[in-house]
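Letters A, B, ... are given to chains in the order of the sequence lines, protein chains preceding strands, and every chain is numbered from 1.
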Amino acid sequence: MAQKPSIPKGTRDFLPIEVARRTYIFDTIKHSFKKFGFAPIETPSFELSSTLMGKYGEEGDRLIFRILNSGDKMLKADLQALEDKNLARFANSLAEKALRYDLTVPFARFVVQHQNDLSFPFKRYQIQPVWRADRPQHGRYQEFFQCDADVVGSDSLIYEVDFVFLFDEILSNLQLPSFTIKINNRKILSGIAEVSGESDKLIDITVAIDKLDKIGEEGVIKELTEKGLSTEAIAKIQPLFSFSGTNEEKMDKMKEFLATSEIGQKGLEELQFVFDQVNDLGLQKAELEFDITLARGLNYYTGAIFEVKANGVKMGSICGGGRYDDLTGLFGMKGMSGVGISFGADRIYDVLTELELFPKETDQGLTLMFVNFGEKEQAYCMKLVKATRDNGIDSELYPTAAKMQKQMKYANDRKVQYVAIVGEAEMAENLIQLKNMETGEQAEMSIEEVIVHLNRV
RNA sequence: GUGGUUGUAGCUCAGCUGGUUAGAGCACUAGAUUGUGGUUCUAGGGGUCGUCGGUUCGAACCCGAUCUUCCACCCCA
């Protein structure tokens, strides 16, 4: 019985042309990561549940794919927990492993586990898929690639500056015409909560403020009220809702607003350092914007928070990142500040597709295909193919002596760049008809000339 | 996880208030064209109408469940 083939929701197959384009993105990112001093590592696609659970907040836990225990391990299910309706505990007893949700937490685990083999500050990059049990939507997949660069073991702010330049360089190299790097600092958000007198409601406040441009001032006030903030507290925060101006103007206003908050002032100082450095050195295409409503990101961030938006397309953030002071502390290693960023390769792919920004070269197929005219010609061409391959030219021979039209159409569909036509006449003269499939131009030349010619393109 | 939406040929979609053998374009195969593709012409192959169940004399069409798509929320790359 023929089964209708399909794949799980939120996942995709990739055709050769798509892989070529994705490779272009990955290579561009890798190139700059390496240039900035990051070395690649890899970690398993699944981790122990206990490594991941509880690191991303309640929402995050819900989105982690669990891996059901197999075989006799199923017998370890904690039925008592089920009876007690302790679903979290019951689930943990059923699934000891889980697919990684991001690359940062596994990296923290990695650093703690291999601390004796690493020199700090340790800089690594990592390009691997992650999985989230989220509802698929535009630009949201259940399986997608993250491209992370992190440095752990230093609280120096020069890394924040470096990451701004990494965003700028990579996205500029990908020819993205316009994008905005939004930056904020968790300490500023803490300062806001402190000034309002509701420090314990930091998360609620930041989540609500984050939605400002979506639900408006009234919506934010409504949400804050629902979360139990006092009218006075809301009144104190309210001036932030009509916040605008240049980065400098915003900084000045915030310095005033957070005058009484030590932690808030610290956040502003950190931010100021980044702005000063970036202004000194200059960006290519990026626009750096201080956005106090930028609050999202994982709740383990403690300092800088980054998010990058591609302008002119309907797409969520294409990159994110931030500083986390105590992530390794969760695995028993204190005093290791880390900071890192992540490129959402799949979203970048969607943006580049929509804006038609992939270079033409990524769509090119095989360099050279020989037409097959029959037994004698086939044997002769096999030698020529070996010669071109030995000289580093991607090449092949059509497998049968099908009609020329069919062979040409096949070459055309595969986006073959050149076709070599070698029949009786050419064999007699020791020549090859080389046809450029794009221009249609055709020229007769020796195999040596073909090799020289194609190695040049 | 909440609310809504979608599913007909490989692809994009028609298919009237339920009524014989479910259509088109593109793609595919063959021929017009025995050594020249991305243009034409002709013919042909291909569909358990997402899946399972129900209502009905009769279901692609109505009802239920489930999966999937897309959208809003939650959250996020």
- Dump the intermediate steps for salt bridge (charged side-chain N to carboxylate O under 4.0 Å, His left out) on Arg389(A) and Glu396(A), then the final yes or no. CA-CA 8 Å; Arg389(A) 285 177 179 167; Glu396(A) 68 178 43; 5.5 Å; no
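Using a 4.0 Å heavy-atom criterion, one finds that Glu438(A) contacts the bases of the nucleic acid, with or without backbone contacts as well. Within the nucleic acid shown, Gly321(A) has no heavy atom closer than 4.0 Å to any nucleic acid atom. Within the nucleic acid shown, Ile318(A) comes within 4.0 Å of sugar-phosphate atoms alone, with no base atom in reach, counting heavy atoms only. Nucleic acid contact class of Gly57(A) (heavy atoms, under 4.0 Å, all strands): none. Using a 4.0 Å heavy-atom criterion, one finds that Cys319(A) contacts the sugar-phosphate atoms exclusively. Among the heavy atoms of the strands, none lies under 4.0 Å from Gly60(A). Using a 4.0 Å heavy-atom criterion, one finds that Lys435(A) contacts the bases of the nucleic acid, with or without backbone contacts as well. Across all strands, Val130(A) comes closer than 4.0 Å to no nucleic acid atom at all (heavy-atom distances). Tyr410(A) comes within contact range of no nucleotide atom at all, as no heavy-atom separation falls under 4.0 Å. Across all strands, Gln137(A) comes closer than 4.0 Å to base atoms (heavy-atom distances). Residue Gly316(A) is classed as having no contact, given no heavy-atom separation below 4.0 Å to the nucleic acid. Backbone-only contact: Lys314(A) has heavy atoms under 4.0 Å from sugar-phosphate atoms and none from a base.
Atom P of nucleotide U36(B) and atom CE of Met369(A) are separated by 14 Å, given to the nearest angstrom. To the nearest angstrom, C1' of C73(B) lies 11 Å from CD of Glu223(A). Computed from coordinates, the Ile7(A) CD1 to U68(B) P distance equals 11 Å when rounded to whole Å. Between Tyr398(A) atom OH and U36(B) atom P the separation is 16 Å, expressed in whole Å. We find that CD of Gln126(A) is positioned 15 Å from P of A77(B), with the value rounded to whole Å. Across the protein-nucleic acid pair, Glu58(A) atom CD and C74(B) atom C1' stand 12 Å apart, rounded to whole Å. When rounded to the nearest whole Å, the span between CZ of Arg132(A) and P of A77(B) equals 5 Å. Per the geometry, NZ belonging to Lys182(A) stands 15 Å off C1' belonging to A77(B), to the nearest Å.
In terms of modelled atom types and a separation under 3.5 Å, the side chain of His138(A) and the main chain of Gly316(A) share no donor-acceptor contact.
Here Gln407(A) does not reach the OP1 or OP2 of U36(B): none of its side-chain N or O atoms lies under 4.0 Å away. Lys409(A) has a side-chain polar atom (N or O) that falls below the 4.0 Å cut-off from OP1 or OP2 of C28(B). When the side-chain nitrogen and oxygen atoms of Lys211(A) are compared with OP1 and OP2 of C74(B), one or more of them lie within a distance under 4.0 Å. Here Lys406(A) does not reach the OP1 or OP2 of U36(B): none of its side-chain N or O atoms lies under 4.0 Å away. Contact between the side-chain N/O atoms of Lys214(A) and the OP1/OP2 oxygens of A72(B) is not found at any separation under 4.0 Å.
Among G38(B), C28(B), U36(B), the nucleotide with an atom closest to any side-chain atom of Asn412(A) is G38(B). Considering only the side chain of Pro136(A), C70(B) comes nearest among A77(B), C70(B), C75(B). Minimum atom distance to the side chain of Gln405(A) is reached by U33(B), of the listed U33(B), G35(B), C75(B).
When the P atom is compared between U39(B) and C26(B), the two are found 11 Å apart, to the nearest whole Å. U55(B) and U17(B) have their P atoms separated by 25 Å, given to the nearest Å.
Within 6.0 Å of CD in Glu217(A) there are more than 12 heavy atoms belonging to other residues, nucleotides or ligands. Counting heavy atoms of neighbouring residues, nucleotides and ligands inside a 6.0 Å radius, atom CD of Glu429(A) exceeds 12 of them.
Here Phe144(A) lies parallel enough and close enough to stack on the base of A77(B), with planes under 30° and ring centres under 5.5 Å apart.
The ring-ring contact (aromatic ring centres under 6.0 Å, His included) test with Tyr349(A) singles out one residue from Phe358(A), Phe145(A), Phe26(A), and that residue is Phe358(A).
Of the two residues near RNA chain B, Ala345(A) and Arg135(A), the one whose nearest nucleotide lies more 5' is Arg135(A). Position along RNA chain B of the nearest nucleotide to Thr11(A) versus Ser342(A) favours Thr11(A) as the more 5'-ward residue.
Base pairing of C62(B) is made with G54(B), judged by Watson-Crick or G-U wobble geometry with both donor-acceptor distances under 3.5 Å.
A salt bridge links Arg21(A) with Asp363(A): at least one charged nitrogen is closer than 4.0 Å to a carboxylate oxygen. Under 4.0 Å is where a charged nitrogen must lie from a carboxylate oxygen, and between Glu18(A) and Arg12(A) no such pair does.
Cation-pi geometry between Arg132(A) and Phe144(A) is not met at under 6.0 angstrom from the ring centre and within 45 degrees of the axis.
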